[in-house]
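Everything below concerns the one structure shown next.
Sequence lines set the chain letters: A, B, ... in the order given, protein chains first and strands last, and positions in each chain run from 1.
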Amino acid sequence: MSKPTDLVQGTLDVLILKILALQPLHGFALAQRLKQISGDVLQASEGSLYPALHKLEQEGWIDAEWKPTENNRRAKFYSLTRRGHRELERQISDWTRLSSAITHILSIEEA
Amino acid sequence: MSIQSKFKTLRLRLRSLFQRNRVEADLDEEMQFHLQSLIDEQIGSGVDPATARSNAVKALGNMTLLKEDARETWGWTRFNIFLQDVRYAARTLRKNPGFTLTALLTLALGIGASTAMFSLVDSVLLRPLSYRESGRLVAVWELIPLITPEPLGPNPRHADIFRRQSASLSGLAMVQQGATGLAIGSNHPHLVGTVWASPTLFEVLENPPLINLRFVSEGYLESSGHRLVSGRLFEGRGSCSCSSSPPSLPDFYRLAGLPRSIPSIPCACSNQSTSNTS
């Protein structure tokens with residue numbers, strides 16, 4: 001499986017869910033937003049979004065719908081489902097717990 | 001997972017199975033839209049179209065690989081690989097008729113042989129005999145290696161001793177198998193299996209003949225005149241059928257060349273036997 005970076009492997013899903021929680025977006029807009037927010041996380045390949053999006057759709061966390069864009073072109077818009085919202089909350093709390101544990105360990109001062 | 005979301009997931013799965021081309025086209029269109037948007041963005045910022053395109057392709061990544069990854073998330077990957085293998089196999093078989101024929105013959109012979117073997121094992125070993133409590137039937141024979149390595153034929157004196165002294169046998173019948181020529185009516189004779197047996201055979205098998213002749217249990221060897229013919233022998237020979245119409249048997253048959261008459265008896269169906277004396 002192609003992966004943008006090892007860091008993203010575990011976090012891309014939660015980033016997508018978080019951005020889609022704000023508003024429904026198509027893949028390109030989602031990539032733009034990700035770039036804006038997270039800098040070069042997706043630098044390796046913007047296309048990595050699509051396998052991730054399809055996986056989230058299969059899980060039932062996001063819905064997809066073909067709609068016209070502002071330029072009147074057809075694009076597939078993704079939006080968060082109710083289960084997606086619950087999953088996002090779960091992943092956020094997981095992430096918070098993990099990152100605070102890591103922060104705690106890293107902040108231990110050497111004797 | 002609620003029923004509604006389960007239903008949704010199932011619908012997605014089925015769609016990616018039965019409307020594969022449609023789903024593939026959607027994925028393609030989706031990624032093309034992304035590519036085109038990247039190109040437009042670059043051109044908008046003053047890059048020449050050719051460079052814009054090459055930059056966009058670079059930014060999007062390996063489309064073939066990404067599509068492959070997306071397909072994997074739809075499920076059915078193994079199933080589709082299997083289908084591909086089947087199609088490939090079918091094409092290969094069509095291209096090599098010689099190999100196909102050999103493979104088919106090998107399979108046919110292999111399956112046929114094992115089926116035949118199983119039918120034999122099933123009827124001889126697995127299926128119970130069509131007698132009541134057939135599991136309690138045993139065959140006993142005498143083996144005296146000093147005389148002959150073959151089993152000895154039935155010995156009435158020994159059988160009598162067995163019957164009197166055995167505590168585990170409820171009945172005993174002497175049986176010897178053989179074969180003889182049988183001609184029904186004026187037909188050509190053909191070889192049929194015969195069984196020479198003591199009259200107790202029907203008690204032991206708990207399967208009385210259709211017409212129960214009074215066998216004399218004492219001195220039956222001396223009388224030796226009772227003959228039973230299986231109703232099946234006459235079935236399908238135009239003379240007896242298992243219909244309600246009164247059966248008509250030929251009025252005589254020849255056993256080992258000797259003519260015998262058949263008394264007026266009802267026709268037997270199934271495994272039961274008809275009997276007659278001569």
Side-chain angles (χ1 to χ4, degrees), chain A residues 1-5 8-9 12-13 16 25-36 40-87, chain B residues 1-17 19-20 22-45 52-77 79:
Chain A
M1 189 128 174
S2 60
K3 44 191 158 189
T5 69
V8 173
Q9 184 62 16
L12 183 58
D13 287 1
I16 293 174
L25 291 170
H26 52 71
F28 176 69
L30 184 63
Q32 301 297 97
R33 195 61 53 86
L34 266 173
K35 265 195 283 190
Q36 276 172 11
D40 53 2
V41 171
L42 274 178
Q43 204 179 31
S45 125
E46 289 185 21
S48 324
L49 267 184
Y50 292 97
L53 282 170
H54 281 240
K55 194 190 87 187
L56 297 178
E57 191 188 358
Q58 291 285 341
E59 295 281 1
W61 296 337
I62 57 175
D63 256 345
E65 196 187 355
W66 284 95
K67 279 194 295 203
T69 65
E70 60 268 31
N71 303 333
N72 228 6
R73 292 207 341 240
R74 223 166 78 92
K76 200 173 175 184
F77 281 78
Y78 293 93
S79 59
L80 212 60
T81 62
R82 210 180 309 160
R83 282 186 58 223
H85 277 288
R86 278 203 300 274
E87 179 62 21
Chain B
M1 199 189 275
S2 72
I3 292 175
Q4 202 181 359
S5 61
K6 260 185 191 164
F7 180 72
K8 212 168 187 173
T9 312
L10 182 71
R11 212 191 55 192
L12 274 175
R13 283 280 149 99
L14 291 179
R15 189 168 173 254
S16 59
L17 178 66
Q19 295 183 307
R20 193 79 179 181
R22 183 76 203 281
V23 178
E24 292 270 359
D26 273 4
L27 175 64
D28 193 55
E29 188 181 345
E30 191 178 15
M31 293 185 85
Q32 285 299 332
F33 170 79
H34 194 127
L35 186 70
Q36 196 53 51
S37 304
L38 281 173
I39 295 171
D40 291 351
E41 189 188 45
Q42 297 254 327
I43 292 175
S45 61
R53 185 168 184 86
S54 122
N55 287 346
V57 168
K58 225 177 282 174
L60 196 59
N62 183 342
M63 290 250 276
T64 315
L65 185 63
L66 291 168
K67 279 184 194 170
E68 198 57 49
D69 289 346
R71 274 184 214 115
E72 257 175 53
T73 68
W74 303 340
W76 311 109
T77 310
F79 180 71

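Residues A:P51 and B:L66 approach most closely at CG-O, 3.5 Å, considering heavy atoms.
Looking at A:D63, only its side chain comes within 4.5 Å of chain B, counting heavy atoms on both sides. When heavy atoms are compared at a cutoff of 4.5 Å, A:R74 approaches chain B by way of both its backbone and its side chain. In this structure, chain A has no heavy atom under 4.5 Å from any part of B:N62. Of the atoms belonging to A:E57, heavy atoms from both backbone and side chain fall under 4.5 Å from chain B.
B:S37 is not listed as a side-chain neighbour of A:H26, based on a closest heavy-atom distance of 4.5 Å or more. Residues B:E30 and A:L49 have side chains not in contact (no heavy-atom distance under 4.5 Å, counting atoms from C-beta outward). In this structure, B:R71 and A:H54 have side chains that are not in contact, with every pair of non-hydrogen atoms separated by 4.5 Å or more. In this structure, the side chains of B:L35 and A:F28 stay at 4.5 Å or more apart for every pair of heavy atoms.
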Steps toward side chain to side chain contact (heavy atoms under 4.5 Å, CB included) verdict (A:E59, B:L12) | CA-CA 10 Å; A:E59 295 281 1; B:L12 274 175; over 6 Å; no

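Shown here is B:R20, whose CZ atom has more than 12 heavy atoms of other residues, nucleotides or ligands within 6.0 Å. Counting non-hydrogen atoms of other residues, nucleotides and ligands closer than 6.0 Å to NZ of A:K55 gives a total of 12 or fewer.
From B:E72, atom CD reaches atom CD of A:Q58 across 12.5 Å, with rounding to the nearest 0.5 Å. Interatomic distance, A:R83 CZ to B:T9 OG1, rounded to the nearest 0.5 Å: 6.0 Å. Going from atom CG of A:L56 over to atom OG1 of B:T73 covers 9.0 Å, rounded to the nearest 0.5 Å.
By the 30° and 60° cut-offs, the orientation of the rings of A:Y50 relative to B:H34 is perpendicular.
Considering only heavy-atom pairs separated by less than 4.5 Å from chain A, the leading option among B:E41, B:E29, B:K8 is B:E29. Annotation: maximal heavy-atom pairing with chain A below 4.5 Å, among B:E68, B:M63, B:R13, B:K67, occurs at B:R13.
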